[in-house]
Number of protein chains: 4
Amino acid sequence: MRKIDPVKHEQKRRDILEAAGRCFAKDGFRGASISSICSEAKISAGHLYHYFASKEAIIEAMAATGLEHAEARFNHLMKSDNPIEGLIAEIEQANTQSCSAQQHQIDMRAKKQLHVDMLAEAGRNPAMAEIVNQHSTKIRGMLATLLETAQKRGQIDQTLDPDLAAAILLSAMEGVGNMTMRDPELDMKKKLDMLSTLIKRFLTPGSGK
Amino acid sequence: MRKIDPVKHEQKRRDILEAAGRCFAKDGFRGASISSICSEAKISAGHLYHYFASKEAIIEAMAATGLEHAEARFNHLMKSDNPIEGLIAEIEQANTQSCSAQQHQIDMRAKKQLHVDMLAEAGRNPAMAEIVNQHSTKIRGMLATLLETAQKRGQIDQTLDPDLAAAILLSAMEGVGNMTMRDPELDMKKKLDMLSTLIKRFLTPGSGK
Amino acid sequence: MRKIDPVKHEQKRRDILEAAGRCFAKDGFRGASISSICSEAKISAGHLYHYFASKEAIIEAMAATGLEHAEARFNHLMKSDNPIEGLIAEIEQANTQSCSAQQHQIDMRAKKQLHVDMLAEAGRNPAMAEIVNQHSTKIRGMLATLLETAQKRGQIDQTLDPDLAAAILLSAMEGVGNMTMRDPELDMKKKLDMLSTLIKRFLTPGSGK
Amino acid sequence: MRKIDPVKHEQKRRDILEAAGRCFAKDGFRGASISSICSEAKISAGHLYHYFASKEAIIEAMAATGLEHAEARFNHLMKSDNPIEGLIAEIEQANTQSCSAQQHQIDMRAKKQLHVDMLAEAGRNPAMAEIVNQHSTKIRGMLATLLETAQKRGQIDQTLDPDLAAAILLSAMEGVGNMTMRDPELDMKKKLDMLSTLIKRFLTPGSGK
DNA sequence: CATGAATGAGCATTCATTCAT
DNA sequence: GATGAATGAATGCTCATTCAT
């Protein structure tokens, strides 16, 4: 007679988070209103608070799960034996819409937008800063490990500090990702080729003098 | 009957813009209120509307003048004969606080914050998108010209497309600049050294295979 | 098909009423929420409505049973042959914490708070006004009867109208009880001694001129 | 051209305070809404916040000014040479509506209601508790001084501690004042006569044994 | 020029209550 | 009996903007 169904509850949470993601991408964390999120999620204003304690909590949950997904994907792509190839695969994955053109492009754009919003938010919201920093540290660690392994194999320059090199590479990749916002007129394919070149030259052994 | 003094008027506009910059850096474009800007600028709420038609207008004007300053500084630093040296100078200028430590660091952080905010805003505000894009295009043009000249002189790799290379370089620099937000624990000096290495390897002739 | 157990039902009602009492004392009738009462009573929000039709109904039931308890205690203490002694006993009972200091003091304070809240509520809620008035009339009747008996015995001034004197005495006692709220710094023991003096002088025969 | 008119501002504050008083008396501090106060004061919801920082601030200001008025009136009535006469005058002033029957009675009732509400609020709002306590302490001091003087003149019993006696008298008066809420059916005139008797017997010299 | 009074829509959040299970 | 999901109106408060002076 009395049951708590944690599965349904969790599913609803995810639904709301997705709706919130669409609203945040369109209007920003501050610009999106609770009522717009509720409309998008097709629930009443009051009911949202059975799932999240506050707007802040929604933002944090969304940032956290979003970054976890990114992390998982990155982790998967780093399985390659060659870090250069892995990075390039990751870049292409993150910046191109391969199949279901229209819909995917929207998701892509929304993800980039959320990413930049999180960075901006991190600058003034300590909770967000910590989420972003933890995620960044994790990803950096993964890449650093990969670089170290590759160094031992002689695939990449052995004089580079793996951690610092990872930091710089990820920053550069992020910067190039943001170009969609800054310079939407540039051809994505050409940018990615040039980025590949940059990465190869940076990492290739013997190029360090 | 006497006309307004256009010089004074322009000065007041600049004062307000500076005050707005401080508020926006602290609270974001949406988070900062007109009344807080007026307090900071020491004018009354109503009076602000003699200088700007709306909050939107303030945001746009601030973005525009802010980017013009950045542009001017970049232009000045690109005067060097060697683009690699120029870029590194620019990076250091943009990421370190040389003299009046405390105050400067605050300004630095505020500028970075505003920069990211503008990027985020550009994603949803077409007016902001155009401002950011125009500025980006200008800076990219400058750097591309410089790279082209250097290619002719044989200082850098001649196989690189100057425009694309400039785009990638600027993106990477921006990404590294944003690291302060993502990973505040990393040592700035080391990051800049690594970035220099990246740029050198990317541009140095003969490294292309 | 089996009927509800009226004993259990009544017990649950009492449990809820007690929980409600704690919440109301802490946050007031308006300030306490149904959900906080349900938490305190360890039942679900919806289930409460099997026992009470509305928040209003809870408030009224709580006021009624609370006053019935007060009434019973008063009735018991008025059993004494001498009304002066009885009143003083009642005052001490109502204003001091004899044994389990800490806990009792909390209960004391909560009761006083509820008492004042009821009075305030009575001013704008006719249902509450009637409850308070009925209770007050009953208690006043008891005391009046007692005074009348004592007058016949010559224990107290015979010129006093018993009903009016009872009203005034009860009011004064209530006022002194409320002093805990108004002037918490005053010593309770001394106040009670002074109140005893007041009562004695008021009632003692021959003091009327 | 530019003027701040503090007189007008202060007048508006008072207007709002009066409107708030009416709303609070009708619905209680918690029950009255900002929007109802604004309707009553004929201003917009937002504009109220130019005059008061919060609802809390309105409540406190209203309590403070209300008690100041009461204090002033009390002070004036205590000018009499005989404290017994003064107190009785005060009681009558506070509990009867002499002239403009209808309107005054409403004010009277509203004042009593607010008084009880303040006491209830003081039990859980420290700010209100302090306001009530400060006022109470002041009034008590006045009365104690008066009693002391009268003791020296031999007008009242010299064995009573003036401060405690003042506390008890004020409490009793308050309790009787609250009777309007508890027992509205009782005749006010008779109650006041009986209260006079109580006071006289309490204070008259020689009645202490 | 410059002020600050004034507006009214909008915000995040809370709450008493209902209902399907 | 008993649960917790669901509602939607209401609350205190903020804000960009306008306007009389």
Side-chain angles (χ1 to χ4, degrees), chain A residues 1-6 8-9 12 30-38 41-58, chain B residues 2-5 8-9 12 30-38 42-59, chain C residues 2-5 8-9 12 30-38 42-58, chain D residues 1-6 8-9 12 30-38 41-59:
Chain A
M1 297 298 180
R2 50 215 133 118
K3 271 178 289 184
I4 335 161
D5 189 342
K8 255 183 147 180
H9 191 268
K12 197 88 191 174
R30 314 296 235 248
S33 74
I34 289 286
S35 95
S36 74
I37 293 171
C38 290
K42 286 175 184 111
I43 58 168
S44 72
H47 195 33
L48 180 137
Y49 288 84
H50 281 262
Y51 297 96
F52 296 94
S54 65
K55 190 183 179 184
E56 202 73 358
I58 301 175
Chain B
R2 55 230 131 101
K3 281 284 168 68
I4 61 170
D5 181 342
K8 263 180 135 180
H9 192 268
K12 198 85 193 170
R30 311 297 233 253
S33 72
I34 289 285
S35 95
S36 74
I37 293 171
C38 290
K42 283 168 188 126
I43 58 168
S44 72
H47 195 36
L48 180 138
Y49 286 83
H50 280 259
Y51 297 96
F52 295 95
S54 66
K55 190 183 179 183
E56 203 72 0
I58 300 174
I59 293 174
Chain C
R2 58 228 129 98
K3 281 286 167 64
I4 61 168
D5 180 341
K8 264 180 131 179
H9 191 267
K12 198 86 191 170
R30 311 299 233 251
S33 73
I34 289 284
S35 96
S36 74
I37 293 171
C38 291
K42 284 171 185 121
I43 58 168
S44 72
H47 195 35
L48 180 138
Y49 286 83
H50 280 258
Y51 297 96
F52 295 95
S54 66
K55 192 184 179 184
E56 202 71 1
I58 301 174
Chain D
M1 296 296 181
R2 49 213 134 120
K3 271 178 288 181
I4 334 161
D5 189 341
K8 256 183 149 180
H9 192 269
K12 197 90 192 172
R30 315 295 236 251
S33 73
I34 288 286
S35 93
S36 74
I37 294 171
C38 291
K42 286 176 183 113
I43 58 169
S44 72
H47 194 34
L48 180 139
Y49 288 84
H50 280 262
Y51 297 96
F52 295 94
S54 65
K55 190 184 178 182
E56 203 72 359
I58 301 175
I59 293 174

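Lettering of chains follows the sequences in order, A, B, ..., and the numbering in each one begins at 1. Reckoned from all heavy atoms, side chains included, excluding hydrogens, waters and symmetry mates.
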DNA chain E contacts made by residues 46-58 of chain B, counting heavy atoms under 4.0 Å: B/Gly46, B/His47, B/His50, B/Tyr51
D/Ile43 side-chain proximity, nearest of F/dT3, F/dA5, E/dT7: E/dT7
Whole angstrom value for the distance that separates P of F/dA16 from CD1 of B/Ile37: 8 Å
Watson-Crick and G-U pairing of DNA chain F written in dot-bracket, each distance under 3.5 angstrom, with | for inter-strand partners: .||||||||||||||||||||
Protein-nucleotide distance (B/Arg30, atom CZ; F/dC15, atom C1'), rounded to Å: 14 Å
Could you go through residues 41-55 of chain A and list every donor-acceptor pair under 3.5 Å that involves a side-chain atom there, pairing it with any protein atom two or more places apart or in another chain?
from: A/Ser44; atom 1: OG; to: A/His47; atom 2: N; distance (Å): 3.3
from: A/Ser54; atom 1: OG; to: A/Glu56; atom 2: N; distance (Å): 3.4
from: A/Ser54; atom 1: OG; to: A/Ala57; atom 2: N; distance (Å): 3.1
from: A/Lys55; atom 1: NZ; to: A/Phe29; atom 2: O; distance (Å): 2.9
from: A/Lys55; atom 1: NZ; to: A/Arg30; atom 2: O; distance (Å): 3.4
from: A/Lys55; atom 1: NZ; to: A/Ala32; atom 2: O; distance (Å): 2.8

Atom-to-atom span, NE2 of D/His9 to P of E/dG4 - whole angstrom: 10 Å
5′-ward residue of the pair B/Gly31/A/Lys42 relative to DNA chain F: A/Lys42
Residues which pass side-chain contact (heavy atoms from CB on, under 4.5 Å) with B/Ser33, listed by chain and number, not counting sequence neighbours: B/Ser35, B/Ser36
Sugar-phosphate only, base, or nothing, as touched by D/Ile34 at under 4.0 Å among non-hydrogen atoms: sugar-phosphate
Side chain of B/Ser33 (C-beta onward), nearest among E/dA16, F/dC15, E/dA2: F/dC15
